[in-house]
Every structure is written in structure tokens, then in C-alpha cells.
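Beneath this line is the structure, given in C-alpha cells, with notes to follow.
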There are 2 protein chains.
Amino acid sequence: MPATDANEHEIPTPPWRKKRPTAPARQPLSQDLIVETAIRVLDAEGLDAVSMRRVAQELNTGPASLYAHVSNKEELLDLMLDQIVAEVELVEPDPERWQEQVKEVMRSAQRVYAAHRDIARASLGTVPTGPNALRIAENQLAIMRVGGVPKRVAALAVDTLGLYLEANSVEDSMYLSKLKDGESPHEYFEQYIGQIRKYFASLPVERFPNIVGMVDYLTDDGGDERFEFGLDIIVRGIASFAESAAGSDSAPGGGSSTGD
Amino acid sequence: MPATDANEHEIPTPPWRKKRPTAPARQPLSQDLIVETAIRVLDAEGLDAVSMRRVAQELNTGPASLYAHVSNKEELLDLMLDQIVAEVELVEPDPERWQEQVKEVMRSAQRVYAAHRDIARASLGTVPTGPNALRIAENQLAIMRVGGVPKRVAALAVDTLGLYLEANSVEDSMYLSKLKDGESPHEYFEQYIGQIRKYFASLPVERFPNIVGMVDYLTDDGGDERFEFGLDIIVRGIASFAESAAGSDSAPGGGSSTGD
DNA sequence: ACCTGAACACCGTTCAAGT
DNA sequence: ACCTGAACACCGTTCAAGT
């Protein structure tokens, strides 16, 4: 018996020493531990699986125990969100590249959301005021300001960018959350898009000439492309308010003197 | 007794005639009736109040009865959404005013969403394929096409516009759904904004120079203004792809020949 | 101060049984 | 075909009681 052989020279535990807690019985509850556990459930099974009861179960306790560290589910979601948003990578503002930089931060945020299932659903409709969300807002403001975007425009643009990011991420996550366990994301997507394409093509041409005539364009977008396009549109729009046209092939606007 | 007096000359119901169904006992269930009832609950108490059980109760029946007319809650929400979206007013495409027209349809949709509490939450993440949603998409495509927007751009822009509308409406409805019964929306908003303003102002200036320096701009947006701004940004962005610069003070872009 | 079991007032959906 | 009662497997949150 090799097992016995390997343990042959081990000193037996003295009987008066209480059973050593090898598996550290249970970590004491804390806000951090709860948030961390909730994120693990999110990543493994999606936002719908994140219930107070489920998180408690994962910590070998009852749901009531969580309320000592988190005032309610909404707060738990806020904390999860800010923890996740900490993964977003920021950039050092460069006046020459401000438009591309706004996009880079947005792309990073998009990837972070995508890496955490449908967490974006919890983000929509909340003004993110956690420290890590503020870090991102501060960075976007800094980038736009060095790019010559007026204060008022930059302030409103942060909001627009956030809304777009969240809406897009929610939509992306929906495709993924809807597929059954066995299905591959790709085949599901193909099949789903195929369905829509057929439906659009079957519509009465008199009433929907544009939809029918543009089926291919309407059902063409492969996720990333769609996000990039909206992003480009929004950044072009912002750039049209910038004072110095430092962008690439962007569209400089009136350049009024109402900015800072 | 005036009551007796008034009924004095009434002919008594013959005992063999079964109790007449004065209050028409109950309308027979139907998909339309269920959707209509659900929208009534939504308008009165918000989306969270719209449960299968609650709608059934409103119709004096049990939740199981609904499943003969609606396959599940998701389908009910889809049906509600398309019914509501029928209220959006469309426009006759005019090449001279296409940018303003895209905005007009968006504003109409925004008002319709706002009139139905937090229904926007149900709209996010679903590709709206109901007949009434398609009517709107068709109209937006038509408007952009006569405005000289290339097919591919128009197709992607419909998506971007939809995402922005939905995200914005969800955010708007959040403020409203959060206020307690007695509270006036205005005073709640004032107090809420005041809180955020104070919090932003209290942040460490070294780490958040832009947020602190732009508190007033960041907490200034009074709902409509915010929506209008994002809308303007997006339409400017779309316009930068248009072939003929028919807009007002917009920013015409490169005008490549890749469009239709 | 922190944790707990039990309870309250809800959910969406299914299913066998009725008409 | 349509409707129903009862059940299943869940929710978030509260509260009195324990340590």
C-alpha cells in the first residue's frame, strides 16, 4: 500500500490536541467575503442565480446572516458592481489621441462587463457612485478635457457614454444568458440570427420596404462591430463640440466660445 | 325610504329566470384582455407589481389560467411592450429635415415610455420584433435613407438609437420608482441631486480633480436636457456619415462612396 | 456585536382534474 | 379547449432568540 508507505513516518496527533481545523471550519462573515462569494456565483451561473439565499448557502449559513454586513440586496449588487468595475483599465490622457482613448476605456469596460455575465443588468439605472466607478468617470473627463471638449459637453458625454455601454452590455449578455446548457454560443447565435433574417424577409414589402430591403445590413452585426459603430457615432458627436480639432477624420463643429 | 320609493314600480324578476348577470359576471379571458389588464397594473403600480399572480387576481382568477393565453411571463411583457410602443407617433420622411425628424420620433418614444412607468426595463435586452416596434424601425430607416445615410450606417444606427432610448428611459424611471408614496417627484429629485453634489464636492481633489472641478456641470442635468444632449450627439455622429449634408449646423463627414 | 431558525408575504410554472 | 386548485421550488426581509 503506497498510501500507508508514504504516511509511515508521520507523527500521530496527540489525542488531547483537539481535532486540528485543517479545513478552516468557516471563514468569519464579512462584507468583502459576501461580495466575493456573490461574484463567484454570478460568474458561474449568472445574475439570476445571485440571491441572498443562494449566497448565504454558499457560505454555509442562512440568508438572515448576510443582513449584518449588507443592508439589502440592492447594496450587495452595488458593491459587486464597484468591485467588478475596478478591473477596467484606465489610460494616461494624451491630447493627440483623445478620441481613440475615450474608445479604449469604453472597450476595456465592455470587456469587463462581458467577463461577468449579465452584471450589466444590475448596473443600468443606477448612477454608479462607487470609488472605482468614479475613477473611470474621472479618467474619461480628463481625456475629453485635454482634447478640448467643453466642460458642459464633457459632463453630459460621460453620462451618454455610460448609458450606451450599459445598454450594449445588457443586450450582449441577453444572447448568452438565453442559451441552454449544452448549446455552443456560436451555433445558437447563428440559428437566432437566421430566424430573424427569415422573419424580416417575410414581411410585407409595401409596409416595410426598408426593413425588407436592408435585411442583410440589419442582421449582419456581429456583436463587436455593432458596439464599435455606436461608439464611433458617439465619439464623432462629442468631437463635433471640441474646440481644437485634434482628432483624425472626425467632424469638427461650430467651435463656439461657450466652453471653459 | 327613498330607495324603496324609487324601486316601487319595478317588475320583480320571475323566479324561474335565473339571476340576471347584471354585472357581466366576468369577461372571458383572452390574450388582449390579459395584456390590457397587465398594462393597467403597470401604469398604476409599476413593473414590479406586474406578476402573473397579480394580473390573474385582477381578473378574478388564478395564475394558472393565464397560461392558456400567454406562454409565460416573458411573452406577456413582450406583448405589453408592443402594445405600448403603438402609441409612438411617426413622421412623413422629409429629406430637408431628416435629422430633426429622427429626433422627433425618438422624443415621441421617450414620452411614451415615460408615460408607462418603468416599462423600459422590460424593453432592454430584447430585440423588439413586434409589429409596432417594426413600424418605428421602418420609419427611422426611411427617414435616414432619404437623408442620404448609407444603408449599413442606417441599419446600425437604428440599433444605437434604440439602445440609447432604452437606457435613458430606464434611468429616468429609476428616479420615479424609488420615491415613496407621499413624496413629490420634484422634492425627491432636489434632495437626491443635492446629496450627490455634496458627495462629489467632498471627494479628494488630488485624485478626482475633474469631478470636483465640474460638480455643477455633472449634477446640473434636469432629465430632458440630458436626453436631448445624447440625442444630439448621436444624430451628429450619424450625420457625419451622410452623403448629402442636408442638415442644419451639423458636421458633414468624409462622404465616401461606400453607401448605397 | 454577530449570528440564527422560523416565519411572513410573496414569486413563476406545472400538473392532474374538472367542465 | 379552456379553466382551476393545489403544489413545487423558489424569492427578500424581519424578528425574536441565542451566544
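Each chain gets a letter, A, B and so on, in the order its sequence line appears, and its residues count up from 1.
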Examine distances only and state if a side-chain atom of A/Tyr164 and a backbone atom of A/Phe227 form a donor-acceptor pair shorter than 3.5 Å. yes
Quick check on D/dA1: is either OP1 or OP2 less than 4.0 Å from any side-chain nitrogen or oxygen of B/His69? no
Using whole Å, report how far CD of B/Glu75 lies from P of C/dG12. 15 Å
Between CD of A/Glu45 and P of D/dC10 the distance, given in whole Å, is 12 Å
Roughly, in whole Å, what's the span from CD in B/Gln31 to P in D/dC2? 12 Å
Starting at atom CG of A/Asn60, determine the distance to atom C1' of C/dT4, rounded to an integer number of angstrom. 14 Å
For the student: nearest non-hydrogen atoms of A/Gln83 and A/Ile39, plus distance: CG-CD1, 3.6 Å
What is the distance, rounded to the nearest whole Å, between atom OH of A/Tyr67 and atom C1' of C/dG5? 15 Å
Rounded to the nearest angstrom, tell me the gap between atom CG in A/Asn72 and atom C1' in D/dG12. 9 Å
Residue matched to C/dC15 through Watson-Crick or wobble contacts both under 3.5 angstrom: D/dG5
Between C/dT13 (P) and B/Met52 (CE): distance, integer Å: 6 Å
Is A/Ser51 touching bases, backbone alone, or none of the nucleic acid, heavy atoms closer than 4.0 Å? sugar-phosphate
Rounded P spacing from C/dA9 to D/dA9 in Å: 23 Å
If you check every side-chain atom of B/Lys73, which of C/dT4, C/dT13, C/dC15 has the closest atom? C/dT13
Main chain of B/Ala86, side chain of B/Arg135: is a donor-acceptor contact present, judged purely on distance under 3.5 Å? yes
Which value, in whole Å, describes the distance between the C1' atoms of nucleotides C/dC2 and D/dA16? 15 Å
Between C1' of C/dC3 and CG of A/Leu33, the distance in whole Å: 14 Å
Please pick, from D/dA7, D/dT4, D/dT13, the nucleotide with the shortest atom-to-atom distance to any side-chain atom of B/Arg53. D/dA7
For the backbone of B/Ile211 and the side chain of A/Glu138, can you confirm whether one donor and one acceptor N or O come within less than 3.5 Å of each other? yes
Out of D/dC11, C/dG12, C/dC3, minimum distance to the side chain of A/Arg54 belongs to D/dC11
Can you tell me if A/Thr61 touches the phosphate of C/dT4, counting only side-chain N or O atoms and a distance under 4.0 Å to OP1 or OP2? yes
Whether the A/Glu89 and A/Ser108 side chains hold a donor-acceptor pair (N or O, under 3.5 Å, no angle test) is what I'd like checked. no
